[in-house]
Amino acid sequence: MNQKTSNALDYIALEEKYGAYNYHPMPVVLEKGEGVFVWDVEGKWYYDFLSSYSSVNQWNSHPEIINALKEQAKKITLTSLDFYNHQISVYEKRITEHFGFDKVLPMNTGAEAVEISLKLCRKWGYEKKNICGNQSLIIVCKNNFHGRTSGIISFSSDSQAYAHYGPYMPGFLSIPYDDSRALEEALGRYPNVAGFLLEPIQGEAGVIVPQSGYLKECQRLCKADNVLLIADEVQTGIGHTGKMLACDYEGIQVDVLILGKTLSGGVYPISEALAKVLANDAIMEVIRPGQHGSTFGGNSLACAVALTALNVIEKEQLAENARILDEFFREEMQKFIQEYSIIKSVRGKGLLNALVVNSPEESELAWKICLDLKLKGLLAKPMHSNIIHLAPPLTITKAQLIECAYLFLKAVF
Ligand SMILES: *Cc1c(COP(=O)(O)O)cnc(C)c1O
């Protein structure tokens, strides 16, 4: 065993000894990233097919974004929002105009942005819709993933996320995803609904793409009942599905939009996300000074990084690249699926896809395939025991995707 190999094992041993065991990582220790590639401490490179859950869409350590980070860090990093800072103003104008909203409330992680959306929705329900005190209801979807706070996991249907964290927060009603009839029935039954929260594509559930027309119908139903439609685009937003927002496929504009992950190109904060909540004036105005806040939310460094990250997405036409490669990648994968029964299907939109392995839910097959892919030079992550998440940075080229499809072939068969 050479020096470098023992380093990798040492790092893994240290992490296992001192880190909380809340993830089950692949046995690879990464130390560098560039473009669609990452390198481990032994100098071996891999295609990055996780992109930190679609956070490094602009590519790993994009030079322009890193430069913005460095330049801003030299000047000032954090002012608190008790003072104005010159970065937040420019950034807020840019992001609200870009997505066609009036106001933005900057936070740090995806889960925090979801939390503030729920608070906003409830407060709006009491102050604008006149729902009686503490009676507000928010409809959510089964198999959702919106983050890990105590409030959010209260309406998770994933027993791993939910079990033994009670007592749970009341006020949520869970209905099946991709079922507008269920939404219609719930809205008909409960007059005290303030909002409907959904992912336009359910990412963590295994990249579940709803039928076309579903989002539009949800919008129609919500509008008719004066219920806020809240889209969590933390994973689907900013290009990964081939449009800036997954909601753009149906031409809808939701009442509250939640963004995170790739908003900073995976550069800041270290935990990977900078979250935004965008909402129309009438909604956002229910929040007044002192009623919500965050020490790091909207800090100068975050705003400088996020502004540049958005510019990079536009300048390099990364959403367009995801759209151009949309069908292509699934077609390449489909070639193998037809010939071999080990993979059941491939599904997704743009460059956000998943492979469904033909095995029972509790099997280890997806994990084993990912270990094999790692040996072949591609890092992907099993999401559930039978689903593999495929989300390369949006800078990937057609030729690289062909090579990756070939690596899958070699790994699986
Ligand atoms: C990742 C994710 C979140 C949570 O974001 P964090 O930054 O991990 O808190 C929320 N919603 C969706 C759809 C996500 O994919």
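Just follow the structure's listing: the first ligand is 1, and inside any ligand the first atom is 1. Model, not experiment: these values are computed from the prediction.
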Atoms of ligand 1 close to [X] [distance to a heavy atom under 4.0 angstrom, numbered from 1]:
X: Gln235; value: 15 (O)
X: Thr109; value: 7 (O), 9 (O)
X: Glu199; value: 13 (C)
X: Asp232; value: 10 (C), 11 (N), 12 (C), 13 (C)
X: Ala111; value: 4 (C), 5 (O), 6 (P), 9 (O)

Answer yes or no: does atom CD of Gln291 have more than 12 heavy-atom neighbours from other residues, nucleotides or ligands under 6.0 Å? yes
For Phe328, I'd like to know if atom CZ has over 12 heavy atoms of other residues, nucleotides or ligands within 6.0 Å. yes
Lys/Arg N to Asp/Glu carboxylate O, Glu327 vs Lys349, below 4.0 Å: no
Do Glu97 and Arg94 sit within salt-bridge range, that is, some charged N less than 4.0 Å from a carboxylate O? no
For Lys261 and ligand 1, does the shortest N/O to N/O distance drop below 3.5 Å? yes
Would you kindly specify which portion of His146 sits under 4.0 Å from ligand 1, judged on non-hydrogen atoms: side chain, backbone, both or neither? backbone
For the residue pair Trp367 and His24, categorise the inter-ring angle as parallel (less than 30°), tilted (30 to 60°) or perpendicular (more than 60°). parallel
Would you say Phe145 contacts ligand 1, with heavy atoms under 4.0 Å as the rule? yes
Hey, does Glu204 sit under 4.0 Å from ligand 1 if you only count heavy atoms? no
Side chain to side chain donor-acceptor pair (under 3.5 Å) assessment of Gln211 paired with Asp178: CA-CA 7 Å; Gln211 306 158 61; Asp178 195 13; 3.3 Å; yes
Can you check which of Gly147, Gly237, Gly110 brings a heavy atom nearest to atom 7 (O) of ligand 1? Gly110
Which of these, Thr236, Val104, Leu245, sits in a side chain to side chain contact (heavy atoms under 4.5 Å, CB included) with Leu259? Leu245
